[in-house]
There are 4 protein chains.
Amino acid sequence: MKKLRIGLIGYGFMGRAHSNAYRKVGNFFDFEHECVLQAACARDAAKAKDFARRWGYQSVETDWRKLILRDDIDLVDICVPNNLHAEIAIAAAKAGKMILCEKPLSMNTPEGRKMVAAVEKAKVPNMVWYNYRRVPAVTLAKQLIDEGRLGKIFHYRAKFLQDWTISADLPQGGAGLWRLDVKAAGSGVTGDLLAHCIDTALWLNGGIEKVNAMTETFIKQRKHTLTGKVEKVGIDDACAFLARFNNGSLATFESTRYARGHKALYTFEINGEHASIFWDLHDLHRLQYFDHRDQSIVRGWRSIHVSDGDQPYMNHWWVPGLQIGYEHSFVHQVADFIQGLESGKPAGPTFREALETQQVCDAVLKSAKSQRWEKVARAK
Amino acid sequence: MKKLRIGLIGYGFMGRAHSNAYRKVGNFFDFEHECVLQAACARDAAKAKDFARRWGYQSVETDWRKLILRDDIDLVDICVPNNLHAEIAIAAAKAGKMILCEKPLSMNTPEGRKMVAAVEKAKVPNMVWYNYRRVPAVTLAKQLIDEGRLGKIFHYRAKFLQDWTISADLPQGGAGLWRLDVKAAGSGVTGDLLAHCIDTALWLNGGIEKVNAMTETFIKQRKHTLTGKVEKVGIDDACAFLARFNNGSLATFESTRYARGHKALYTFEINGEHASIFWDLHDLHRLQYFDHRDQSIVRGWRSIHVSDGDQPYMNHWWVPGLQIGYEHSFVHQVADFIQGLESGKPAGPTFREALETQQVCDAVLKSAKSQRWEKVARAK
Amino acid sequence: MKKLRIGLIGYGFMGRAHSNAYRKVGNFFDFEHECVLQAACARDAAKAKDFARRWGYQSVETDWRKLILRDDIDLVDICVPNNLHAEIAIAAAKAGKMILCEKPLSMNTPEGRKMVAAVEKAKVPNMVWYNYRRVPAVTLAKQLIDEGRLGKIFHYRAKFLQDWTISADLPQGGAGLWRLDVKAAGSGVTGDLLAHCIDTALWLNGGIEKVNAMTETFIKQRKHTLTGKVEKVGIDDACAFLARFNNGSLATFESTRYARGHKALYTFEINGEHASIFWDLHDLHRLQYFDHRDQSIVRGWRSIHVSDGDQPYMNHWWVPGLQIGYEHSFVHQVADFIQGLESGKPAGPTFREALETQQVCDAVLKSAKSQRWEKVARAK
Amino acid sequence: MKKLRIGLIGYGFMGRAHSNAYRKVGNFFDFEHECVLQAACARDAAKAKDFARRWGYQSVETDWRKLILRDDIDLVDICVPNNLHAEIAIAAAKAGKMILCEKPLSMNTPEGRKMVAAVEKAKVPNMVWYNYRRVPAVTLAKQLIDEGRLGKIFHYRAKFLQDWTISADLPQGGAGLWRLDVKAAGSGVTGDLLAHCIDTALWLNGGIEKVNAMTETFIKQRKHTLTGKVEKVGIDDACAFLARFNNGSLATFESTRYARGHKALYTFEINGEHASIFWDLHDLHRLQYFDHRDQSIVRGWRSIHVSDGDQPYMNHWWVPGLQIGYEHSFVHQVADFIQGLESGKPAGPTFREALETQQVCDAVLKSAKSQRWEKVARAK
């Protein structure tokens, strides 16, 4: 077995999800590479040690600059707030490390371009953690579309609804709350949630030509955890946009953290000439499928319980009828990354592919300000 | 147009449902016969008049014996408590009237046999109001089974759950509550609710060979509305039974009025070699259908919105996607009755067919007492 | 009983739905007024007679101008294509008739203004058939909102999806297909489907300040039934728009006839500070409700089967658990109209209220052309 | 950290599920004990080594007798076919090992009694892998019942439906198919599937007094993988039974492997005086809950997405809205077992508790033969 020695930077929610994936992938998938949890890195030494002990990392670092220079690290995994992605990734690329970076790729398109340039110059394998592509039901959707079952696509609609920031008492900034701090996050729901919707959409339905957006910040000021002061909220609490894809289909996208009753309702629906598809993160193990070519008297939306061995990834898990969960999408992403290494066909989204999502996000935010349609910049 | 002059006996819930059906059928279906609301009959003259005025009956009677002897009545519709069915039906048959009788046919099998003998001797068209056969989704289920789509049947399961008698303060007997009075109803959930399940089952899956039942009366005594005294409750509050059909399939049936959260949850599911079917009265316009012959990766339960013109009865109503409701099953039953008259092929269930349901009910109640399997008597 | 003598113009889908409502309302509701089907009007005498016979109209007319001048007509019901609404309504108002007009009110705002002026000058009772307000689950939604259960509203999203015009072989124009002919319909999904969504939204969530829309005509040319020639399609096949309500909430609206799998999927969702509501025309008898004030461990979306006597309108129908259907919304609308007559508090939407929907539609179509945000004109 | 050194016997589906649980529990739960994968045991040395390598077991054995005598093993986990449970468990108890045994406990009640006697004499911690108790939604159901929210229980109904043995070409016996071989399995769906339903039921609703069952073997003969001959099928393909609980509630239970469309549809519903609960393994992360004490106009079944930190076990996993899957129930069971060790309050079901399930299974199979009600033996 070849070793794939991981150096993980950050120990939050994503740090846990990635660590779990590295630990599990070898139990369920067969590769030449074996993931080795080599080092965990966090500024707080005590927290780093505790995290390393819990997950089985063999060493700790408190300075990411040291981590990326270590000879015994093959792959750097970036799980820190968005404002740190670029600097770390560019340095890691220069150090010749493979890089897995949390989404969104960057704070904005220019920063993202530099990151793409860095990994491409260094020729290091790279990928961004848009994990929802690897939910089996979503991968099945991709397969059905690629087989041409839907025919010409007329409509795409996606939303990602949450309700966890409705209280005005919630502060911004700091551990767990950096997503509310524009300096750390770059944007609100656009980069955090719509980026997921856009990544999936680009993968399933091709490029987006132009967008027309509105955003809102319902709560204008929040106490900042780091400064202790009440500060202006710089992020978008909600964002909705119209879009036109290059293939002629029309789209609506919406995201908010002010939708009571929805914890993480990421849904998408695609309407084609012959068939339609619907998926919902709250029941991520199911795919809804309607095929107009079914005989008319028995035509209906099919609720497909994606747990059979012939459905994507599921031959690696349990038996039909027994569902997997959220965390498995990360295991699949690691598996695909390794598969890409071994096959020479890199798994996506690479930094370059993720830059396209960044460009859509930037066009969305620009449109929300300009109040008109904005074209999506072409990736360069 | 030929006139079909209706004489309705009883003005309760079913009196309303039937009257609505007679009034509507001609607006949506084309027949040579036209329903004429000739007379409404109830012991209380004021109530009879009020009912007649509201529904457009041209006259009233307070004595059913007079009604059935009137020359200007072609069809007698019996919508009174179960203990009155036999006497009225037998007299109406003797008077040469067509008869539509509310379900269950009779208080018990012997009574039912007399009723069958009477209508067959008089050669009068007759039918029992097991209306759920005429819900389009249920009729579609029948069609799919008859086409052989399910293959060999392994399992049948039905239940009818309600929750309206949980309070011990509810009295028994009298208007609206005669279903709790064993003298008027004959039995509890068995004759009231399971009879519906059994009628559908016999129609869809053929004869039942034997049954094994348990019953329970959770509230042992209730005040009687008519006597004013607290009296023993003679009906079954709940009944569940195992059954074996003649075709080798196994079945479970259950009914209760003590299932919180269910107002009228009549459901049935049929599992065949190739396909399965599920239906639920709470969403009566949908049929759930699973076909194992679908390609495996897109196999799933289909939720069929039964509202297209090529689905049973639906070409008579609105446009696809617009659902009909409970009351329409009665309109369809009248339509089928008239169609039977005009075509010479009587629509079921006739009294003779409904007697079979009675025989199953009797076997169920007998088994609950004997605590063992009981064979279902053969219809004679 | 006072008579309310109806003169109906048009005999299509809506002519049937309205006639059914007039015939049924008196069976289920108690009023001083009794609906009398006095005259049916259609240009084709044979069709008019056939329609009158089927529904029980006592006379026929072939010229609507004659109908509205008849002394024995109290109320004119306009069920003809949109391009005829204004002329008939204005003439009927001058003739002093009450008017019930199919939706949308008019071809455009200027025409609508004239109609409003006419009925207000003539002081005749008037209403537009936005029937979905009267689906019990929708009325319950209104009640919950008015009680303040949702708190501040953050989001409104509605869509109305169909799939019946995907085939390029479908012609435009003529009976049943006038909705595809811009000269008869004025617009496509905007006036036909989004108008319903807008009416409900204005009723539930107040006025709309501005909109930003895109439209598409997927099939550019269709054979015209009346001319026999292939002609340019002038209607919008699909329309989506962003909106901001006066109360600060954000909205997305979308409609299309190119969404495979959806026959008439009108849905709306409202997210408030404390609670959220969702409704779906395909299961119109249910309301989904989430209340954040429920104890957290048992918090969840409630699927409310709106069939209990204490829920809107349902005490007039059957018993709990037994659902009503699409057509009942029209019965309720007639009932509310009569209730308005008798109480002196007119039921909505009146012509004036429906004009507001027209103004939103016009702003939507204007925005689709201008490619920017458009303010909704204030009703005058 | 104290070490809990595991010796696992068997490497099939359950061997994987348990190994995964041991590996994960320490990443997500905090205990004094740390699971150490000490040895994996299987008769085939090559397979044992391969399994050990994949899961990280430090050594292998090919004879379970050796394994249980090793000093460096604290806990023996039995994941072999049912006919081997008793011998191994009794020997392991004598060797003073803690024991985790796959379900059902034993081939029958007498065997089970010996196992209980052995572990109780040896005073070794013991548990049986009825993992569904540890699905968070099921644990939440237990909590709601224990809080008295349901009030008096009237009804319990459970079913476990599969469809994987419908083909007559499927052989019996051998790896993966021993569940069809009565010599290895003891019974068919009764011990395999109904045992799960019964364990949950006893936990949630208390003891069962008596049962009345029917069983069926649809395919009478199958080729035997081990002998190569067509042999009589000795297991029950389907089993349904009526039951009465000690608390007066009525129950129906059903299981089959001949229900098309259901891969692993384990469902249960409990109807109480005040509230009802429903759960379904196909959407295991949801609990359906109806509370009659909700205000009537907004009363409905709540679909609770069990993923919040205040719901059972969920504070150990991700964030609200992100579901876990089947395998997590095993992690929870290990966590509870360790918690039991550390707290001195053993987690259930112990062998003694699991014996009660065995007694119900035996009564069910006895009733199917005797064709009458059978009392459930009291645990001794």
Side-chain angles (χ1 to χ4, degrees), chain B residues 150-155 157 159 161 163 166-167 210 212-216 218 237-244 248-254 256-263 269-278 282 288-294 299-302 367-368 370-373, chain D residues 150-155 157 159 161 163 166-167 210 212-216 218 237-244 248-254 256-263 269-278 282 288-294 299-302 367-368 370-373:
Chain B
L150 274 65
K152 178 176 168 53
I153 305 296
F154 295 119
H155 292 285
R157 62 188 72 85
K159 51 180 194 276
L161 308 183
D163 67 356
I166 292 179
S167 167
K210 58 181 180 177
N212 196 340
M214 68 174 167
T215 56
E216 183 62 80
F218 289 112
D237 285 340
C239 176
F241 68 93
L242 308 175
R244 285 180 181 268
S249 58
L250 277 60
T252 60
F253 287 83
E254 184 185 4
T256 182
R257 291 176 184 144
Y258 285 71
R260 270 289 174 233
H262 301 306
K263 299 172 183 175
E269 177 169 336
I270 312 174
N271 303 131
E273 191 181 354
H274 305 305
S276 289
I277 277 172
F278 174 83
H282 277 185
Q288 308 293 326
Y289 177 68
F290 179 93
D291 195 324
H292 191 68
R293 288 159 303 197
D294 283 343
R299 220 182 259 148
W301 282 83
R302 301 179 189 186
S367 168
S370 73
Q371 305 251 339
R372 59 185 190 188
W373 286 90
Chain D
L150 275 65
K152 178 176 168 51
I153 305 297
F154 295 120
H155 292 286
R157 62 187 72 84
K159 52 180 194 275
L161 309 183
D163 68 357
I166 292 180
S167 167
K210 58 182 180 176
N212 195 339
M214 69 175 165
T215 57
E216 183 61 78
F218 289 112
D237 285 341
C239 177
F241 68 93
L242 308 175
R244 286 182 181 266
S249 58
L250 275 63
T252 61
F253 287 82
E254 184 184 4
T256 181
R257 292 176 183 143
Y258 285 71
R260 271 288 176 237
H262 300 306
K263 300 172 182 174
E269 177 169 336
I270 311 173
N271 303 131
E273 190 181 356
H274 304 305
S276 288
I277 278 172
F278 175 83
H282 277 186
Q288 309 293 327
Y289 177 68
F290 179 93
D291 195 324
H292 191 68
R293 287 159 302 197
D294 284 342
R299 219 182 258 149
W301 281 83
R302 302 180 189 185
S367 168
S370 71
Q371 305 251 338
R372 58 184 189 187
W373 286 91

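Note on naming: letters A, B, ... go to the chains in the order of the sequence lines (proteins, then strands), and numbering restarts at 1 for each one. What you see is a predicted model, and the numbers here were worked out from it, not measured in a lab.
- Between chain D and the residues B:I270, B:I166, B:L242, the most heavy-atom pairs under 4.5 angstrom are made by B:L242.
- Interface residue D:T215: only backbone heavy atoms are found under 4.5 Å from chain B.
- Under the 4.5 Å side-chain criterion, counting only non-hydrogen atoms from C-beta, D:H155 is not in contact with B:K159.
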>> Run the side chain to side chain contact (heavy atoms under 4.5 Å, CB included) test on D:W301 and B:H262 for me, step by step, so that the C-alpha distance in whole Å, both residues' side-chain angles and the decisive distance to 0.1 Å come before the verdict.
In response: CA-CA 9 Å; D:W301 281 83; B:H262 301 306; 3.5 Å; yes
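- D:A213 and D:S367 get closest at one heavy-atom pair: N-OG, 2.7 Å.
- If you measure heavy-atom distances from B:L250 to chain D, the contacts under 4.5 Å come from both the backbone and the side chain.
- Residues B:R260 and D:H274 are not in side-chain contact: their nearest non-hydrogen atoms beyond the backbone lie 4.5 Å or more apart.
- Using a 4.5 Å cut-off between heavy atoms, D:F241 contacts chain B through its backbone alone, with no side-chain atom that close.
- For D:L150, no part lies under 4.5 angstrom from a heavy atom of chain B.
- For a residue to count as touching a neighbouring chain, one of its non-hydrogen atoms must lie under 4.5 Å from one of that chain's; by this rule B:A259 touches chain D with backbone and side chain alike.
- Only the backbone of D:A275 comes within less than 4.5 Å of a heavy atom in chain B; its side chain stays farther off.
- The backbone N or O of D:K152 sits less than 3.5 Å from a side-chain atom of D:E273, completing a donor-acceptor pair.
- Listed by chain and residue number, B:Q371, D:R244, D:W373 satisfy the side-chain contact (heavy atoms from CB on, under 4.5 Å) test with D:K210 (two or more places apart in sequence, or in another chain).
- Contacts of D:F218 with chain B are made by side-chain atoms alone, with heavy-atom separations under 4.5 Å and no backbone atom involved.
- In terms of heavy-atom pairs under 4.5 angstrom with chain D, the leader among B:R372, B:R157, B:R299 is B:R157.
- Contact annotation: the side chain of B:C239 never approaches that of B:F253 to less than 4.5 Å [non-hydrogen atoms, C-beta and beyond].
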